[in-house]
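Counting starts at 1 for both ligands and their atoms, in listed order. As the structure is a prediction and not an experimental result, all values here were calculated from the model.
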Amino acid sequence: MHLTGEEERALDGEYGEALGAAYRVLVAVGGLLDAPRLIPVKSAHVSGVNYANMGDAGLEFLEEFSREARVSVPTTVNPCGVDVWSPGPYIPGSFLEKQRRIVDAYLRMGCRESFSCIPYESENRPPPGSHVSWAESSASIYANSILGVWTNRESGLSALASAVTGKTPEGGIHIEENRRPGYQLIVDARLDDPIDYGLAAYYAAGKTSAYTISFQGIPEPGPQAAKQMAAAIGAAGSSSMFVISGERLKGVDVDVFSGEQLSRLRMELGGPLEVEGSIVILGCPFYGLEEMRSLSAMVEGRVARVPTFLQTSKSIYGEAEELGLVDSLSSSGVTILKGACYTLAPIDRWIGADHVYTDSIKAVHYMRMRRIDARLASLREIALLFT
Ligand code: F3S
């Protein structure tokens, strides 16, 4: 990969060890992508925040790196493992203390206090056509597919390196040719809700490694369905983008997804509705105001029979508070988490739950990988757990 003289000097550590390390990460990634050069990015979104994933090694790295490193472009960050602003009494003190140190390290580097996996709904919404460097697969796939932004599915480390240098290798989905579909799923099924859209996407992502997936036979997804699709693709495969095509494509691999396959997949990921030993986790990806409004309307005047958690960002929480949604959901027994992802934290162990209900395919996928009995349920089914 060609580097400018300035980039060479930065790589050699002339402007500090942290910047040199960041350039070394980008050169290594650029080599894997066969990128000819580095290009500037408009923003970065960094994952690697949840202490449940990071562990002590990640915490130590961040504390060391953040002594010197500073971000050079607007940078948002993924959720924590717990709500560090109002943690529940069941959160172990050592987890909370370490999570707060991770938060401090990111803020020291100049990252925005976003702690959200849907940065595009408030803190980080680059104009279409911008090249960015975003980790968090659901966010980067959404950015490519819906916002018209260009980003590879970065790792936490490569996005952090881009945040510090302001650059990314010009490879992968930053190349126009890779944004053309390399696979098409013909959907011969009626998609009734965002979960159905997510299931079609989950199926397709497991069948291909093409950068871009085309879906034929479905209407343009609304924002909630698009979030489900992006998250499901991120969980099940390596693709970076999806498009909705009016026509069948020639010269690409094709599969058909029938109504029967849809029902079967929905049953495989679901399970019977039980109250005893259950909890509910909603908002994977994080809920925005629309999803909060839908839930609030559905459960108004009723109270949750099982511990029910809703994940959103601190800024969306603030807006929801002004709209009265926080009050109405709280009075229905919903605990609203700010900037926290329980999908990846051991909440089942902390509060002794046997099953988790969620309306997120991604959450079921990851929790089952951790041997948690996670069951997919629509919001309508989850509302049955309120009395
Ligand atoms: Fe967000 Fe956590 Fe799900 S980061 S997409 S809520 S796994």
Side-chain angles (χ1 to χ4, degrees), residues 45-54 58 76-84 95 99 102-103 106 111-124 134-146 151 153-156 159-160 194-195 197-198 201-202 205 223-237 240 269 279-288 291-292 295 308-317 334-348 356-370 372 374 376-377:
H45 177 76
V46 179
S47 62
V49 181
N50 190 331
Y51 174 69
N53 297 344
M54 302 279 290
T76 44
V77 277
N78 236 23
C80 304
V82 295
D83 180 341
V84 294
F95 190 104
Q99 184 63 73
I102 291 173
V103 167
Y106 279 115
C111 298
R112 294 181 177 173
E113 203 179 357
S114 55
F115 300 104
S116 167
C117 50
I118 52 164
Y120 47 82
E121 287 198 19
S122 36
E123 302 90 354
N124 191 348
W134 283 16
E136 173 46 49
S137 59
S138 68
S140 55
I141 295 167
Y142 189 97
N144 281 316
S145 314
I146 305 299
T151 177
R153 281 175 61 168
E154 301 290 348
S155 67
L160 184 58
I195 289 181
Y197 278 84
Y202 190 71
Q224 294 173 27
K227 274 163 87 170
Q228 280 289 335
M229 291 178 81
I233 291 171
S240 303
L269 296 179
I279 62 170
V280 171
I281 297 179
L282 301 168
C284 174
F286 275 8
Y287 267 13
E291 292 104 321
M292 289 169 86
L295 178 66
T308 300
F309 302 99
L310 184 160
Q311 310 178 144
T312 192
S313 72
K314 200 170 171 224
S315 65
I316 292 171
Y317 181 96
V334 178
T335 303
I336 305 177
L337 305 170
K338 299 179 295 300
C341 166
Y342 277 3
T343 308
L344 301 177
I347 182 65
D348 56 311
V356 181
Y357 293 100
T358 174
D359 59 348
S360 162
I361 295 154
K362 174 174 178 171
V364 170
H365 180 92
Y366 282 112
M367 285 193 275
R368 285 193 180 178
M369 279 172 68
R370 289 168 42 224
I372 295 171
L376 185 65

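- Atom 3 (Fe) of ligand 1 lies under 2.8 Å from an N, O or S atom belonging to Cys284.
- Distance from atom 5 (S) of ligand 1 to its nearest protein heavy atom, with residue and atom name: Lys362 NZ, 3.4 Å.
- Listed by number with element, the atoms of ligand 1 under 4.0 Å from a non-hydrogen atom of Thr343 are 7 (S).
- Note on ring orientation: taking the six-membered ring where Trp is involved, the planes of Trp134 and Tyr120 are parallel (angle under 30°, cut-offs 30° and 60°).
- Look at Cys341 and atom 2 (Fe) of ligand 1: an N/O/S atom of the residue is under 2.8 Å from the metal.
- A donor-acceptor pair under 3.5 Å is absent between the side-chain atoms of Glu291 and the main chain of Gln224, judged by distance alone.
- Side-chain contact between Tyr197 and Gln228: absent, with no pair of heavy atoms (C-beta onward) separated by less than 4.5 Å.
- Looking at Glu113 and Lys338, no side-chain N of the basic residue comes within less than 4.0 Å of a carboxylate O on the acidic one, giving no salt bridge.
- Counting atoms of ligand 1 from 1 in the listed order, those under 4.0 Å from a heavy atom of Pro79 are 4 (S).
- Compare Gly283, Cys117, Ala340 by their heavy atoms: the one nearest to atom 1 (Fe) of ligand 1 is in Cys117.
- Using a 4.0 Å cutoff on heavy atoms, Ala231 does not count as a contact of ligand 1.
- The side-chain heavy atoms of Ser315 and Glu123, taken from C-beta on, include a pair separated by under 4.5 Å.
- Looking only at heavy atoms of the protein, atom 6 (S) of ligand 1 is closest to Gln311 NE2, 3.4 Å.
- For Thr335 (side chain) and Phe309 (main-chain N/O), no donor-acceptor pair under 3.5 Å exists by modelled atom type.
- Counting heavy atoms from C-beta outward, Ser114 and Pro119 have side chains that stay 4.5 Å or more apart.
- Taking a cut-off of under 4.0 Å to the non-hydrogen atoms of Glu136, the atoms of ligand 1 that pass are 4 (S), 5 (S).
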